[in-house]
Amino acid sequence: MSDNRYNSGIMEKNGADFANEFFAEENQVVHESDKVVLVLMKSDEIDAIVEDIILKEGVETNPTIVVEDRTGFWWIKANGKIEVNVADAAALLGKNYSIYDFLVNVSSTIGRAYTLGETFTITSELMGLDRKLVDVA
């Protein structure tokens, strides 16, 4: 099973098992992680984007992507980064669809989220440190 699934790791434990691991001395330090999370509120447009873009092109680009249906939300976790090109989404949906339309449905993120042109990215990289900053051409 993937360690990127919902409630994986320590979050799958309860009661004393959770407390013992959470408060263990080795877990009282900050650990570096390349995990990122994108939580999208469901809608007809987002459902299509998740099914036809993230679960196809996204997983081809980043096979660590895990998508889970969490009732009213899509919970998406990956190593490194998750990108959504809204120009591809507009073509898929057959209508105008901007980065702002997409952002309306972004409920939560873990990582560094930014937009550049028509692409939404959530990454574990430190902008300006891990990679050079870029701007719209």
Side-chain angles (χ1 to χ4, degrees):
M1 241 185 182
S2 173
D3 65 344
N4 281 342
R5 73 188 191 289
Y6 193 80
N7 281 339
S8 64
I10 193 172
M11 298 312 296
E12 66 187 346
K13 298 185 178 191
N14 294 305
D17 290 336
F18 174 86
N20 290 338
E21 186 167 338
F22 186 81
F23 292 111
E25 189 170 328
E26 68 269 13
N27 291 328
Q28 298 305 304
V29 295
V30 176
H31 298 279
E32 184 176 341
S33 174
D34 72 340
K35 307 266 190 229
V36 294
V37 176
L38 173 60
V39 180
L40 297 173
M41 183 175 53
K42 286 187 174 182
S43 69
D44 292 339
E45 292 90 355
I46 293 296
D47 292 352
I49 290 167
V50 167
E51 292 171 17
D52 292 329
I53 295 176
I54 294 172
L55 282 171
K56 292 180 182 169
E57 298 166 23
V59 171
E60 279 180 21
T61 304
N62 184 350
T64 68
I65 290 177
V66 172
V67 176
E68 293 192 23
D69 184 341
R70 306 304 297 172
T71 312
F73 299 89
W74 290 108
W75 186 87
I76 306 160
K77 186 175 182 181
N79 297 356
K81 71 179 174 181
I82 302 167
E83 286 188 328
V84 178
N85 185 313
V86 296
D88 294 342
L92 170 70
L93 299 170
K95 65 179 190 175
N96 289 337
Y97 190 80
S98 74
I99 195 75
Y100 306 108
D101 296 320
F102 179 78
L103 289 172
V104 166
N105 293 89
V106 174
S107 175
S108 185
T109 61
I110 298 174
R112 290 158 196 90
Y114 67 93
T115 62
L116 187 62
E118 294 296 309
T119 302
F120 172 87
T121 303
I122 179 125
T123 182
S124 61
E125 295 177 312
L126 294 171
M127 302 298 115
L129 296 174
D130 289 340
R131 71 182 187 91
K132 185 179 177 183
L133 293 173
V134 294
D135 201 353
V136 177

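Scope of the values below: all heavy atoms of this structure, side chains included, with no hydrogens, waters or symmetry mates.
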With sequence neighbours excluded, residues passing side chain to side chain contact (heavy atoms under 4.5 Å, CB included) with [X]:
X	result
S108	V39
A19	F23
A48	L92, L93

To the nearest 0.5 Å, what is the distance between [atom1] on [X] and [atom2] on [Y]?
X	Y	atom1	atom2	result
E68	W75	CD	CH2	5.5 Å
L40	I46	CG	CD1	5.0 Å
S124	I82	OG	CD1	10.5 Å

Go through the structure and list residues passing side chain to side chain donor-acceptor pair (under 3.5 Å) with [X], not counting sequence neighbours.
X	value
N105	none
N20	none
S98	D101

**Prompt:** Is a side-chain N or O of K77 found less than 3.5 angstrom from the main chain of L38, in a donor-acceptor match?
**Reply:** no
Contacts under 3.5 angstrom, residues 54-61 side chains, donor-acceptor by atom type, not counting sequence neighbours:
residue	atom	partner	partner atom	Å
K56	NZ	D52	OD1	3.3
T61	OG1	E57	O	3.0

So salt bridge (Lys or Arg N to Asp or Glu O under 4.0 Å) across residues 81-97, not counting sequence neighbours, yields E45-K95, K81-E83
- request: List the steps and the verdict of salt bridge (charged side-chain N to carboxylate O under 4.0 Å, His left out) for R112 and E125.
  value: CA-CA 7 Å; R112 290 158 196 90; E125 295 177 312; over 6 Å; no
- How far apart are the C-alpha atoms of N79 and K35, what are their side-chain angles, what is the distance that settles it, and do they pass the side chain to side chain contact (heavy atoms under 4.5 Å, CB included) test? CA-CA 4 Å; N79 297 356; K35 307 266 190 229; 3.0 Å; yes
With sequence neighbours left out, the residues meeting ring pair (Phe, Tyr, Trp, His ring centres under 6.0 Å) with F120 are F102
Check your understanding: Does the pair I49 and V84 meet the rule for a side chain to side chain contact (heavy atoms under 4.5 Å, CB included), with working shown?
Key -> CA-CA 8 Å; I49 290 167; V84 178; 4.0 Å; yes
_Checking W74 against D47: is there a side-chain donor and acceptor pair closer than 3.5 Å?_
yes
